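Each ligand, and each atom within it, is numbered from 1 in the order the structure gives. Please read all numbers here as calculations on a predicted model, not as lab measurements.
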Amino acid sequence: MEQTFIMIKPDGVQRGLIGEVISRFEKKGFYLKAMKLVNVERSFAEKHYADLSSKPFFAGLVEYIVSGPVVAMVWEGKSVVATGRKIVGATNPLAAEPGTIRGDFAVDIGRNVIHGSDSVENGRKEIALWFPEGLAEWQSNQHPWIYE
Ligand code: DAT
Ligand code: MG
């Protein structure tokens, strides 16, 4: 099954949205495979967002990510990358649909609460970067009640 990297950004942690975010992925029928609350180094944040290093907002983005702890997670399930992006919502929270995390809980693009991998390949890279120690091994007993 597919895996995606989801991160609750420092604003999401500060605003008490950790449980809300986890709950949405959990209730959907995806499985938590790894999770940690961490303060990341500037160089690590730069590596995570390396593809955006030429953007004018890059410095501010890195500053934001290192401003407090983040919750890094790996979620697993059928089409979890694309569906995870739908649960997260559009990058600009003002354009994000109600019912999505960004649509429900954010206003500004630079305080958009959550990160989700945008492709299976990038998910693989992000999981390797954030969880070199590997993932938890488990199978939910609910599995046959969620998946055919
Ligand atoms: P996403 O997080 O939806 O995958 P992205 O990968 O294009 O979006 O950008 C990463 C983050 O950078 C995004 O969550 C918020 C910030 N960002 C993106 N575009 C921005 C912009 N035009 N101005 C300010 N911040 C921006
Ligand atoms: Mg992105």
Side-chain angles (χ1 to χ4, degrees), residues 1-136 138 140 146-147:
M1 259 196 295
E2 209 169 281
Q3 294 174 338
T4 192
F5 174 69
I6 299 290
M7 168 178 62
I8 305 171
K9 296 176 179 178
D11 51 334
V13 174
Q14 290 287 350
R15 294 175 55 202
L17 296 173
I18 297 171
E20 177 73 38
V21 169
I22 290 173
S23 191
R24 289 183 180 213
F25 281 84
E26 228 177 7
K27 286 179 190 161
K28 172 70 176 170
F30 295 141
Y31 304 130
L32 185 61
K33 298 290 292 189
M35 177 166 71
K36 57 189 173 190
L37 175 73
V38 282
N39 291 94
V40 299
E41 303 271 355
R42 190 169 300 271
S43 58
F44 188 89
E46 286 168 355
K47 210 167 179 184
H48 171 75
Y49 281 123
D51 291 351
L52 300 173
S53 60
S54 63
K55 302 281 185 190
F57 57 82
F58 183 71
L61 175 61
V62 169
E63 201 60 47
Y64 161 50
I65 295 303
V66 303
S67 66
V70 300
V71 175
M73 297 176 281
V74 176
W75 287 89
E76 184 176 273
K78 189 189 273 184
S79 288
V80 71
V81 171
T83 306
R85 291 285 290 190
K86 285 188 195 163
I87 292 170
V88 166
T91 304
N92 186 340
L94 291 183
E97 296 294 334
T100 66
I101 291 167
R102 287 166 173 169
D104 288 349
F105 301 114
V107 175
D108 271 347
I109 195 166
R111 298 289 184 272
N112 64 3
V113 173
I114 184 166
H115 165 86
S117 305
D118 63 5
S119 68
V120 174
E121 182 50 32
N122 282 337
R124 228 177 260 128
K125 282 186 203 159
E126 291 170 359
I127 291 166
L129 175 68
W130 286 82
F131 291 98
E133 67 271 33
L135 312 179
W138 71 294
S140 169
I146 302 168
Y147 294 83

Chemist: Which is it for V21 and F105 under the side chain to side chain contact (heavy atoms under 4.5 Å, CB included) test, yes or no, and what are the steps along the way?
Modeler: CA-CA 10 Å; V21 169; F105 301 114; over 6 Å; no

Chemist: Taking only residues at least two apart or on different chains, which pairs with a member in residues 9-19 satisfy salt bridge (Lys or Arg N to Asp or Glu O under 4.0 Å)?
Modeler: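 Residue pairs passing salt bridge (Lys or Arg N to Asp or Glu O under 4.0 Å), neighbours aside: none found.
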
Chemist: Hey, what do you get for CD1 (I101) to CD1 (I6), rounding to the nearest 0.5 Å?
Modeler: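 Separation between the atoms: 7.5 Å.
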
Chemist: Does a sphere of radius 6.0 Å around NZ in K36 hold more than 12 heavy atoms from other residues, nucleotides or ligands, not counting ones at 6.0 Å or beyond?
Modeler: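 Counting other residues, nucleotides and ligands, NZ of K36 exceeds 12 neighbours.
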
Chemist: Could you please provide the protein residues found below 4.0 Å of ligand 1 on a heavy-atom basis, arranged by chain and number?
Modeler: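 Answer by chain and number: K9, Y49, L52, F57, L61, R85, T91, R102, I109, N112.
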
Chemist: Sequence neighbours left out, what pairs pass salt bridge (Lys or Arg N to Asp or Glu O under 4.0 Å) with at least one residue falling in residues 49-69?
Modeler: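 As it turns out, the salt bridge (Lys or Arg N to Asp or Glu O under 4.0 Å) pairs with a partner in residues 49-69, which skip direct neighbours, are R42-E63.
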
Chemist: Can I get a per-line list of side-chain donor-acceptor pairs under 3.5 Å for residues 66-83, giving both atom names and the distance, sequence neighbours left out?
Modeler:
{"unit_1": "S67", "atom_1": "OG", "unit_2": "Y64", "atom_2": "O", "d": "2.5"}
{"unit_1": "E76", "atom_1": "OE1", "unit_2": "Q3", "atom_2": "NE2", "d": "2.8"}
{"unit_1": "T83", "atom_1": "OG1", "unit_2": "S79", "atom_2": "O", "d": "2.9"}

